Structure formats: C-alpha cells, structure tokens
Number of protein chains: 2
Amino acid sequence: MAQIRDVAKLAGVSPATVSRAYSDPSKLSESTLHRVMAAADELKYKPSSLAQLFREKRTNTVLVMVPDIANVLFARVVSGIERVAVENKYNLIVSDTGDNAEIETVGVEMVETYRADGVIQLGERPLSELHPEGEQCTIPFVQAISADPRGRYPTVGIDDRKAAAAMGSYLLSQGHRRIGVLAGLENRVVTQERLAGFKDSLALADVTFDEVAVEYDTYSMAGGERAATRMLSRKDDLTALFCMSDEIAIGAIRAAHDQGFILPRDLSISGFDNIEFGKYCTPPLTTVMQPAEQIGEVAMSLMCDTLRGQTLPKAHEMLPTELVVRASVQKLP
Amino acid sequence: MAQIRDVAKLAGVSPATVSRAYSDPSKLSESTLHRVMAAADELKYKPSSLAQLFREKRTNTVLVMVPDIANVLFARVVSGIERVAVENKYNLIVSDTGDNAEIETVGVEMVETYRADGVIQLGERPLSELHPEGEQCTIPFVQAISADPRGRYPTVGIDDRKAAAAMGSYLLSQGHRRIGVLAGLENRVVTQERLAGFKDSLALADVTFDEVAVEYDTYSMAGGERAATRMLSRKDDLTALFCMSDEIAIGAIRAAHDQGFILPRDLSISGFDNIEFGKYCTPPLTTVMQPAEQIGEVAMSLMCDTLRGQTLPKAHEMLPTELVVRASVQKLP
DNA sequence: ACATTCATTACAAACGGTTTCATTGCAAGC
DNA sequence: GCTTGCAATGAAACCGTTTGTAATGAATGT
C-alpha cells in the first residue's frame with residue numbers, strides 16, 4: 001500500500017502538503033493540489049485511518065452493547081443507532097453481551113484503551129456497576145431502552161410504568177376484571193416498572209390486584225408459552241392476560257390455543273413493544289407501541305453530543321408510547 | 001490517562017520493560033515484573049490499543065455488512081458470527097448497508113484504510129463488484145448466506161435450489177398440484193435459485209409449471225401479504241402457496257385469512273428459513289430450516305483462517321437444511 | 001584471574017500520518 | 001526601493017507503543 005511519502009515524492013512536494021491536500025485543500029495552490037491528487041490517484045493512495053486515529057486519539061467508533069442481537073426489538077434499536085451513526089461518520093462496534101456483566105465490563109474498558117470513544121448500553125446495567133470508579137466514572141455513556149433517571153449519564157427510553165398503566169386501563173375499560181399477568185424475568189427493572197404500572201391502573205379503578213395471578217419467565221415466546229400454560233392451569237376464571245412483551249403474548253396465544261381456547265372470545269391477550277409480527281398474529285395483537293428505531297436514533301444523537309463535549313446536564317428523554325388496538329383484546333359484554 | 005512512560009518512570013525502568021511485562025512476562029525478573037505491575041496498578045495504566053494496533057498494522061476488527069440488521073434471519077447470522085469473533089478476540093463492526101452498493105463499497109475500503117482486517121458480506125453482491133480491481137482484489141472476504149461457488153473467496157450458505165426442491169417435492173407428496181409461488185425480489189440470486197429448485201421438483205414429478213402462478217414482492221410480511229392478495233384474486237384454483245421466506249408466508253397467512261380462507265383446510269402455505277415466529281403462527285408454519293447461527297459461525301471461522309494466512313483454496317461450505325413439517329401444509333385427500 | 005555466556009534491561013528507531021513553526025517568494029503600500 | 005503582509009510550502013516534532021540491538025553485570029569455566 002502506498003504511503004503519504006510515496007505520494008509526496010511522486011508529486012515533488014512534502015508529506016505535509018499531501019496531508020493538507022486531504023484535510024484542507026483550500027490551503028494549497030490550484031496546481032499543487034492537482035499534482036498531489038494525480039500522484040495519489042496513480043499510486044492508489046488511501047490515508048491509513050489507523051495512523052490518523054492514532055494521532056487524533058479518537059476512534060470515531062461507538063460501542064453498542066446489546067443483550068441479545070437476535071431480539072427484534074434490540075435489532076430495531078440498533079438499526080436506529082446505525083442510521084444516526086452513519087450520518088455523523090461514526091462506526092459501530094456491536095457486542096452481543098448476553099446480559100453478562102463481565103462482558104459488559106470489558107466493553108466499557110474499550111473506551112479506556114482507545115478502542116471506542118463511547119458506549120451505548122441497551123441492557124439494564126448502569127455504568128456505575130461496570131466500572132471500578134463507579135459513580136465517578138466519566139466515560140461517554142448513553143443508556144437506551146431502560147431509562148434510568150437517577151443515573152448521571154444521558155438516557156433514552158419510554159415510561160414503562162405509565163405505558164403499562166395505559167394498557168391496564170384499556171383492559172379495564174373493556175370490562176376485564178380478572179386479569180393474569182405474564183411477566184418477564186422478575187429481577188429486571190423493566191419488569192418491576194411494568195408491573196407497578198399495571199397495579200397503578202387497577203388502583204385507579206379500585207380493582208384489587210390478585211397477587212397470585214403473576215407468572216414470571218423469560219422474555220421470549222417460549223417463556224410466554226410456559227408462563228401461560230402454568231397460569232391457565234392454575235387460574236380458570238381469567239378473562240384476560242397482560243403480557244409484558246409481544247413475544248410473551250405470542251407464546252401465550254399458542255398456549256391458550258393449544259388448550260382449546262378460542263381467541264379472543266374466551267380470553268383476551270395484550271402485548272407490549274409492538275413488534276412487527278404482532279400485526280400478523282391470529283388474532284392480531286393489541287399492544288403498546290415502543291418507538292424502537294427512534295430510541296436508537298436519539299441514543300446515538302445524545303452520544304454524538306456527548307462526544308462533541310456538550311455535557312448535557314440531564315438528558316433523560318422519555319419518548320411517547322401509543323396504545324395499538326387490534327383484535328386480541330375483546331370487549332366483555 | 002497514564003502512559004507507558006509514566007509507569008516506566010514510577011517503576012524506575014524503561015518503557016520497553018513495561019511493554020514486555022505485558023507481552024512476555026517471562027522475559028523479566030521476578031522483582032522487576034512485580035515493581036512494574038505495582039506501578040501500572042497505581043497509575044491505573046492500560047495500554048492504548050490504538051497505539052498497539054497502529055504499530056501492528058492490524059485492527060483485530062472484522063466488518064460485517066448486513067442488508068438489514070432488523071431482519072431476524074440476518075440478526076441470527078450476526079449472532080453466530082459474534083460468538084466465534086469473541087472466541088478469537090476479534091471485534092465486529094456491523095454495518096447495515098440496506099443492500100446499497102455504494103455503502104458496501106465504502107465498507108470494503110475500510111480494509112484498505114486499516115479500519116478493519118476483513119469483511120463478511122451477508123448480502124448478495126460479490127467482492128468483484130465492490131472493488132475497482134474486481135476479480136484481482138485480494139481483500140480478506142467471506143460471503144455468507146448467499147453462497148457463490150464461482151467466487152474466488154470463501155463462502156458459506158445453503159443449497160437454495162436443493163432445499164427449495166425438497167419443499168416442492170414435499171408439497172407434491174401431499175397431493176398438491178396447483179401451487180402458487182410467492183417469490184421475493186425478482187432480481188435476487190436467492191429468488192432465482194429457489195424458483196429453479198421448485199421447478200426442479202415439478203419436473204421430477206412430471207407436473208407442468210404454471211408460469212402465471214408467480215408473484216414477486218419484497219422479502220417481508222407486508223410483501224407476502226400483498227403478493228398473496230394479488231395471487232388469490234387472480235387464481236382461484238390453487239391448493240397451496242410456496243413462499244420463499246417465512247416472512248412472506250406469514251404475510252400470506254394473514255391475507256388468506258382476511259379473504260375468508262380457513263387454514264390449512266382451504267389452502268396450504270409453506271415457508272422458508274424457519275424463523276422462530278413460524279412455530280407460533282396459526283397454523284404453525286411448515287418450512288425449511290436454514291442453520292442461520294451456524295452459517296455465521298462458519299463464516300467467522302473462515303474469516304479467522306483467512307486472516308491467519310491460511311489461503312483456503314476453495315472453501316464453499318454448503319450447510320445442510322432440513323424440512324420442518326408443521327401444520328400449515330395439509331395432505332389433500 | 002580472566003574470558004565467556006547468559007539473563008536482564010536500556011536505548012533508539014520505527015509505525016504513518018498531522019500540525020506547529022519557520023521559511024520562502026511575491027505583491028502591495030509607503 | 002524598502003518594508004510589510006500574506007499565501008504556499010517544507011522541516012521536524014509528535015502521537016504511544018513495540019522490538020532489534022547494544023550494554024550491563026553476574027555466573028560459570030578454565
């Protein structure tokens with residue numbers, strides 16, 4: 001590969017001039033610029049990014065930590081991040097962490113070893129748990145999806161509690177009173193938030209929450225299927241299931257269907273997230289829209305701001321959600 | 001951030017010694033090593049990857065070009081790539097190219113500007129179309145999913161033609177004779193291959209192919225819904241639909257359902273790829289399993305081999321597919 | 001006691017650019 | 001005609017590591 005001095009020699013100028021031809025062509029005379037570019041062309045010269053970045057001490061790269069890249073919701077967020085990254089000439093290193101603290105710690109270290117300029121975290125773990133300095137850590141960090149308003153770094157997400165309450169209220173408005181909850185993993189913040197929101201809606205309508213009617217499992221179709229099976233064999237008087245993700249709801253639909261329920265006549269099921277597939281379920285899924293791509297876009301914008309040195313004092317963006325009414329929840333007579 | 005010379009000074013040694021403390025501790029005396037490490041610890045020193053990589057002229061990074069990261073199949077392949085990448089200490093830069101030739105060209109250039117050591121392409125475009133030197137180009141390149149046995153670089157994928165033929169034969173074995181084809185984008189190699197395979201199966205069974213019974217659209221649920229709607233309004237004597245992806249099939253199920261078809265009684269529908277959702281469709285989707293994660297794993301392994309200088313003469317791995325029989329295809333009486 | 005060997009460690013060059021500062025030459029101003 | 005100012009360019013330092021080579025000193029052999 002040709003280097004800058006080869007080009008300089010061929011063009012009869014100094015390396016500095018060649019460098020300037022790329023970084024600020026206006027500094028060169030017409031004729032020199034032309035000569036340099038011709039020489040560069042002939043030698044097929046391309047500046048080594050590695051050398052440039054080394055000198056600049058920046059990588060133009062942002063690390064995205066995703067708990068599971070094969071999850072459609074996360075994939076859509078990454079898609080949004082990507083779009084803004086390209087606009088701003090940043091590269092993305094994507095790391096599928098499997099929600100593993102150790103892998104995430106290594107990820108954060110990449111900033112200190114100059115492999116990435118900053119980190120966007122799609123998981124729930126806050127920076128303070130991933131760095132020995134804890135709260136003092138000043139790494140450019142943005143947390144997406146699971147917004148943590150107490151954190152000292154920018155955050156984007158939705159108001160899970162409010163959104164869950166909205167869905168709860170909708171179910172109540174349709175006449176449902178005995179509602180089972182198919183929750184995700186119990187130790188997740190998002191699970192607790194959505195559960196709290198659901199309880200809020202019950203309290204608001206003076207309906208007592210049935211502590212027994214909660215089943216926890218993984219955030220997946222298989223988890224939803226298992227949870228629903230357990231729930232339906234335990235409680236036979238439910239008229240609706242409040243599922244904490246569309247995937248859980250889809251698993252629940254399968255389970256209910258297999259147990260002979262005619263949907264939505266015998267049982268209403270609501271989802272959460274609004275993944276594309278929900279629209280194509282039978283019955284189509286009533287759910288809460290979460291603006292995944294937009295969350296990604298805002299997250300990357302915040303990262304860009306941070307890297308430009310704009311210390312956003314407290315950027316905790318809560319993006320709006322929306323109730324998506326389809327057929328899987330039915331109005332009781 | 002502390003640098004190597006700070007550590008050297010504190011430990012009372014030269015920078016070279018500190019460097020060796022990390023790269024080959026056995027070269028140092030017990031006491032020196034201990035002193036260096038203590039100093040490094042105290043200063044919280046971490047070697048700058050940027051400087052290291054610059055010197056090594058390697059990035060330990062592989063670029064993955066994905067036509068659409070939000071597509072579940074691609075996401076699963078990336079997941080497989082990721083797994084092997086981590087094992088081999090490589091980072092992944094993921095680029096969502098939107099199947100855009102220009103973006104892909106820029107991606108390939110990243111190797112020449114030392115931003116990545118090699119490229120894994122999940123799209124169909126071969127390297128020769130993405131580099132001015134065409135066939136002569138010697139960039140480390142692996143093509144996954146759409147295997148191109150004529151290319152001069154390693155390739156992993158499935159035998160689309162054979163797999164499609166297997167599904168065609170299965171439909172025929174279930175008594176179907178009037179089968180509509182819901183194809184993906186017409187200009188894609190994969191579309192042509194799967195169509196050819198389907199025709200192969202008809203020829204084998206002496207069934208004549210109905211040229212009219214093909215509808216092209218995008219590889220998506222919306223595309224499948226549109227294609228199915230067109231197809232069903234045009235041909236009313238079909239007993240089955242051969243869909244070129246699960247997403248198309250899922251869209252087709254919706255369309256058929258909306259037109260009053262009872263599935264699978266009135267119409268059989270087959271998919272392709274075996275994405276997770278297929279199992280949760282109503283009716284559950286009969287499809288062809290494509291080992292997505294494994295394709296990713298093999299692709300990254302091939303990339304590692306290439307980067308280690310093992311010039312694999314002709315590595316065109318064809319991974320096995322499998323017919324997944326579920327309920328969406330019914331046996332005709 | 002001196003030469004030889006070997007284990008440690010230091011010195012300095014190299015990686016490929018960018019950037020600061022200095023120099024040159026030419027045009028304009030007095 | 002001499003100074004001044006500016007545009008164009010070059011020389012050299014610098015970014016933070018790694019590594020080849022040289023130097024040092026202790027241990028060994030004769």
Side-chain angles (χ1 to χ4, degrees), chain A residues 1-41 43-61 89 109-117, chain B residues 1-40 43-61 89 91 109-117:
Chain A
M1 198 61 183
Q3 310 185 33
I4 200 169
R5 51 169 169 272
D6 303 324
V7 178
K9 194 173 291 178
L10 183 60
V13 297
S14 75
T17 304
V18 178
S19 173
R20 278 188 275 257
Y22 283 85
S23 62
D24 188 358
S26 74
K27 277 193 149 61
L28 300 192
S29 72
E30 187 81 13
S31 69
T32 317
L33 180 60
H34 189 263
R35 231 170 344 120
V36 168
M37 285 315 188
D41 244 32
L43 297 175
K44 298 207 186 95
Y45 169 72
K46 299 213 178 69
S48 156
S49 295
L50 216 43
Q52 290 177 320
L53 297 175
F54 167 56
R55 183 132 208 311
E56 308 286 342
K57 288 173 109 178
R58 314 186 312 118
T59 59
N60 277 331
T61 299
K89 311 273 187 197
E109 272 176 11
M110 289 178 65
V111 175
E112 302 185 308
T113 58
Y114 296 100
R115 297 235 35 162
D117 296 340
Chain B
M1 196 62 187
Q3 311 187 33
I4 200 168
R5 51 168 169 273
D6 303 325
V7 178
K9 195 174 292 177
L10 183 61
V13 297
S14 77
T17 305
V18 178
S19 172
R20 279 187 270 261
Y22 284 85
S23 62
D24 189 358
S26 74
K27 277 189 150 58
L28 300 191
S29 72
E30 187 81 12
S31 69
T32 317
L33 180 61
H34 188 263
R35 226 164 352 117
V36 168
M37 284 316 188
L43 296 175
K44 298 205 187 96
Y45 167 73
K46 298 216 180 66
S48 157
S49 293
L50 215 44
Q52 290 177 320
L53 297 175
F54 166 57
R55 187 143 206 300
E56 309 287 342
K57 290 173 105 178
R58 315 186 311 120
T59 59
N60 277 333
T61 299
K89 312 273 186 197
N91 287 306
E109 272 176 10
M110 289 179 64
V111 175
E112 301 184 309
T113 59
Y114 295 100
R115 296 235 35 163
D117 296 339

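Below, chains carry the letters A, B, ... as their sequence lines are ordered, and counting in each starts from 1. Because the structure is a prediction, the values reported are computed rather than measured.
The NZ-C1' distance, from A:Lys27 to D:dC6, rounds to 13 Å in whole Å. As a whole-Å value, the separation of B:Lys9 NZ from C:dA10 C1' is 16 Å. Between the P atom of D:dA7 and the CG atom of A:Leu33 lies a distance of 17 Å, rounded to the nearest Å.
In this structure, the side chain of A:Ser19 does not engage the main chain of A:Pro15 through any donor-acceptor pair within 3.5 Å. The closest donor-acceptor contact from the side chain of A:Ser49 to the backbone of B:Thr113 lies under 3.5 Å. When atom types are taken as modelled, the side chain of B:Thr59 and the backbone of B:Asp117 share a donor-acceptor pair closer than 3.5 angstrom.
OP1 or OP2 of C:dT9 sits under 4.0 Å from a side-chain N or O of B:Ser29.
At the heavy-atom level, B:Leu28 lies under 4.0 Å from the strands shown only through sugar-phosphate atoms.
With sequence neighbours excluded, no residue forms a side-chain contact (heavy atoms from CB on, under 4.5 Å) with B:Arg55. Taking B:Thr61 as the reference, A:Arg115 meet the side chain to side chain donor-acceptor pair (under 3.5 Å) condition, with sequence neighbours excluded.
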All N/O pairs under 3.5 Å across the protein-nucleotides 14-24 of chain C interface:
from: C:dA14; atom 1: N3; to: B:Arg55; atom 2: NE; distance (Å): 3.4
from: C:dG16; atom 1: OP1; to: B:Lys57; atom 2: NZ; distance (Å): 2.5
from: C:dG16; atom 1: OP2; to: A:Gln3; atom 2: OE1; distance (Å): 3.2
from: C:dG16; atom 1: OP2; to: A:Gln3; atom 2: NE2; distance (Å): 3.4
from: C:dG16; atom 1: O5'; to: A:Gln3; atom 2: OE1; distance (Å): 3.3
from: C:dG17; atom 1: OP2; to: A:Ile4; atom 2: N; distance (Å): 2.8
from: C:dG17; atom 1: O5'; to: A:Tyr45; atom 2: OH; distance (Å): 3.0
from: C:dG17; atom 1: N2; to: A:Arg55; atom 2: NE; distance (Å): 2.5
from: C:dT18; atom 1: OP1; to: A:Gln52; atom 2: NE2; distance (Å): 2.8
from: C:dT18; atom 1: OP2; to: A:Ser19; atom 2: OG; distance (Å): 2.5
from: C:dT18; atom 1: O5'; to: A:Ser19; atom 2: OG; distance (Å): 3.4
from: C:dT18; atom 1: O2; to: A:Arg55; atom 2: NE; distance (Å): 3.3
from: C:dT18; atom 1: O2; to: A:Arg55; atom 2: NH2; distance (Å): 3.2

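Of the charged side-chain nitrogens involved, at least one lies within less than 4.0 Å of a carboxylate oxygen, so that A:Lys27 and A:Asp24 count as a salt-bridged pair.
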